[in-house]
**Q** 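Dumping the structure here so I can ask a few things about it.
We count ligands from 1, going down the list as the structure has it; atoms in each ligand are counted the same way.
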Amino acid sequence: MSGPILQLRDVSLSFQGIKALNALSFEVARGEICALIGPNGAGKSSLLNIINGVYRADSGSVTFNGEQFIRVRPAHAAHLGVGRTFQHNALFRHLSVLDNVLAGLIRQSRTTLLEHAFGVGRDRRETREFTRRADEIIAFLDLTRHRDTVVATLPYGVQKRVDLARALVGRPSLLLLDEPMAGMNQDEKHEMSRLILEANASLGTTIVLIEHDMSVVMGLSHHVVVLDYGRKVGDGSPEQVRRNPDVIAAYLGTAH
Ligand SMILES: Nc1ncnc2c1ncn2[C@@H]1O[C@H](COP(=O)(O)OP(=O)(O)OP(=O)(O)O)[C@@H](O)[C@H]1O
């Protein structure tokens with residue numbers, strides 16, 4: 001399919017009179033890594049929540065892969081090919097890495113409750129196929145040695161990789177990452193950047209990510225959109241955005 005993978009047109013959202021997003025429009029090209037930046041409270045997470053159906057925009061429209069919606073249920077967004085990670089990872093801490101990654105495939109299950117209860121027919125075939133897919137993504141993200149380890153015992157940077165594996169296993173065409181490097185040290189950020197670039201290059205996944213660390217943003221993204229008080233104040237290549245005086249005033253000048 002040609003054309004942008006994602007288009008937002010005049011999207012607005014308010015919470016009790018506070019405009020979190022104010023007539024926001026931008027496009028994400030197929031295959032790019034697009035960073036959303038802006039000060040705290042600028043509306044970045046709200047925007048991701050609209051794209052994957054957690055929130056409903058008050059007005060405007062979102063077009064994903066040619067399908068336009070104002071409200072999409074999260075399950076339908078996942079079905080259309082939108083994957084997501086959250087700012088505070090929502091892993092099953094007491095389950096293994098493999099089980100957490102398999103959880104990313106639950107929505108694609110076609111097994112009936114009865115087949116699942118007796119472990120027969122489609123259930124057995126599906127389990128084999130899902131495990132194969134999970135192992136593939138576990139290897140892709142360098143997690144094979146942790147495959148059977150309980151997530152809670154793993155270092156934080158590795159847990160964030162498990163979160164990425166769970167989001168990637170369903171092979172979304174658009175992956176939304178909410179602060180994938182939050183709380184990481186420089187080495188972990190470097191490793192996570194490498195994996196995001198690799199997922200983008202080898203799996204062809206379009207990525208929209210929220211990130212505060214400007215050196216990460218500049219090194220990773222093809223395209224940067226800058227928000228401030230729910231409005232777009234910059235939109236272009238990392239270089240264009242870095243030189244935009246409105247952006248410097250709104251964001252880069254702000255202590256973070
Ligand atoms: N569920 C909610 N209920 C009420 N207000 C909300 C809710 N979610 C977001 N807001 C408000 O909407 C505005 C935008 O918040 P949002 O979390 O989208 O910003 P952000 O750019 O992601 O911030 P941060 O960088 O701190 O995560 C803020 O004023 C916030 O307080």
Side-chain angles (χ1 to χ4, degrees), residues 6-28 33-62 64 69-75 77 82-91 156 159-160 163-164 167 174-185 188-189 192-193 196 206-221 223-236 238 241-242 244 246-256:
L6 181 72
Q7 285 173 292
L8 285 100
R9 289 275 171 271
D10 292 323
V11 169
S12 293
L13 174 70
S14 295
F15 294 104
Q16 293 106 32
I18 296 169
K19 273 219 176 278
L21 297 171
N22 196 345
L24 192 68
S25 301
F26 70 93
E27 292 184 353
V28 176
I33 298 179
C34 172
L36 289 179
I37 66 170
N40 293 119
K44 305 177 297 292
S45 296
S46 300
L47 185 57
L48 292 197
N49 282 330
I50 285 176
I51 299 168
N52 87 320
V54 174
Y55 292 163
R56 177 202 168 110
D58 299 332
S59 57
S61 69
V62 178
F64 173 67
F69 54 81
I70 187 164
R71 168 82 217 238
V72 63
R73 288 178 195 284
V82 182
R84 168 91 197 254
T85 67
F86 291 86
Q87 198 171 339
H88 306 288
N89 70 41
L91 294 169
Y156 180 71
Q159 291 190 18
K160 292 292 261 189
D163 201 20
L164 181 62
L174 174 67
L175 180 58
L176 311 174
L177 302 176
D178 197 342
E179 297 199 36
M181 333 262 177
M184 287 189 173
N185 63 36
E188 289 170 335
K189 281 185 186 183
M192 184 56 112
S193 295
I196 291 172
T206 305
I207 292 170
V208 174
L209 66 101
I210 297 176
E211 183 49 52
H212 284 295
D213 183 328
M214 291 309 292
S215 63
V216 168
V217 168
M218 294 296 161
L220 194 60
S221 344
H223 175 196
V224 182
V225 174
V226 192
L227 304 185
D228 192 27
Y229 292 109
R231 285 184 184 278
K232 186 173 81 174
V233 293
D235 186 346
V241 161
R242 201 211 301 262
N244 179 334
D246 291 340
V247 175
I248 295 166
Y251 182 71
L252 302 178
T254 331
H256 223 83

**Q** Taking 4.0 angstrom as the limit and counting only heavy atoms of Ala42, give me the atoms of ligand 1 inside it, by number and element.
**A** 19 (O), 20 (P), 21 (O)
**Q** Scan Ile196, Leu164, Val208 and name whichever one has a side chain to side chain contact (heavy atoms under 4.5 Å, CB included) with Leu175.
**A** Leu164
**Q** Can a donor-acceptor pair be found between the side chains of Arg84 and Asn49 at a distance below 3.5 Å?
**A** yes
**Q** Show, in sequence, the C-alpha distance, side-chain angles and deciding distance for Arg9 and Glu27, and conclude whether the salt bridge (Lys or Arg N to Asp or Glu O under 4.0 Å) test is met.
**A** CA-CA 9 Å; Arg9 289 275 171 271; Glu27 292 184 353; 3.0 Å; yes
**Q** Go through ligand 1 atom by atom and flag the ones less than 4.0 Å from a non-hydrogen atom of His212.
**A**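 That gives atoms 25 (O) of ligand 1.
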**Q** Is there a heavy atom of Gly38 sitting under 4.0 angstrom from any atom of ligand 1?
**A**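 Gly38: no contact with ligand 1 (<4.0 Å).
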**Q** May I ask you to test the Leu36-Phe26 pair for a side-chain heavy-atom distance under 4.5 Å?
**A** yes
**Q** Geometry only, no angles: is Gly41 polar-contacting ligand 1 at N/O separations under 3.5 Å?
**A** yes
**Q** Sequence neighbours excluded, which residues qualify as side-chain contact (heavy atoms from CB on, under 4.5 Å) partners of Ser215?
**A**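 Asp213.
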**Q** For Tyr229, which part has a heavy atom under 4.0 Å from ligand 1: side chain, backbone, both, or neither?
**A** neither
**Q** Would you say Gly43 has any N or O atom under 3.5 Å from an N or O of ligand 1, going by distance alone?
**A**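 Indeed, backbone or side chain, Gly43 has an N or O that close.
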**Q** Decide whether Ser12 and Asp58 meet the rule of one side-chain donor and one side-chain acceptor closer than 3.5 Å.
**A**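 No, Asp58 and Ser12 have no side-chain donor paired with an acceptor closer than 3.5 Å.
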**Q** Which atoms from ligand 1 have a heavy atom of Tyr55 less than 4.0 Å away?
**A** 1 (N), 8 (N)
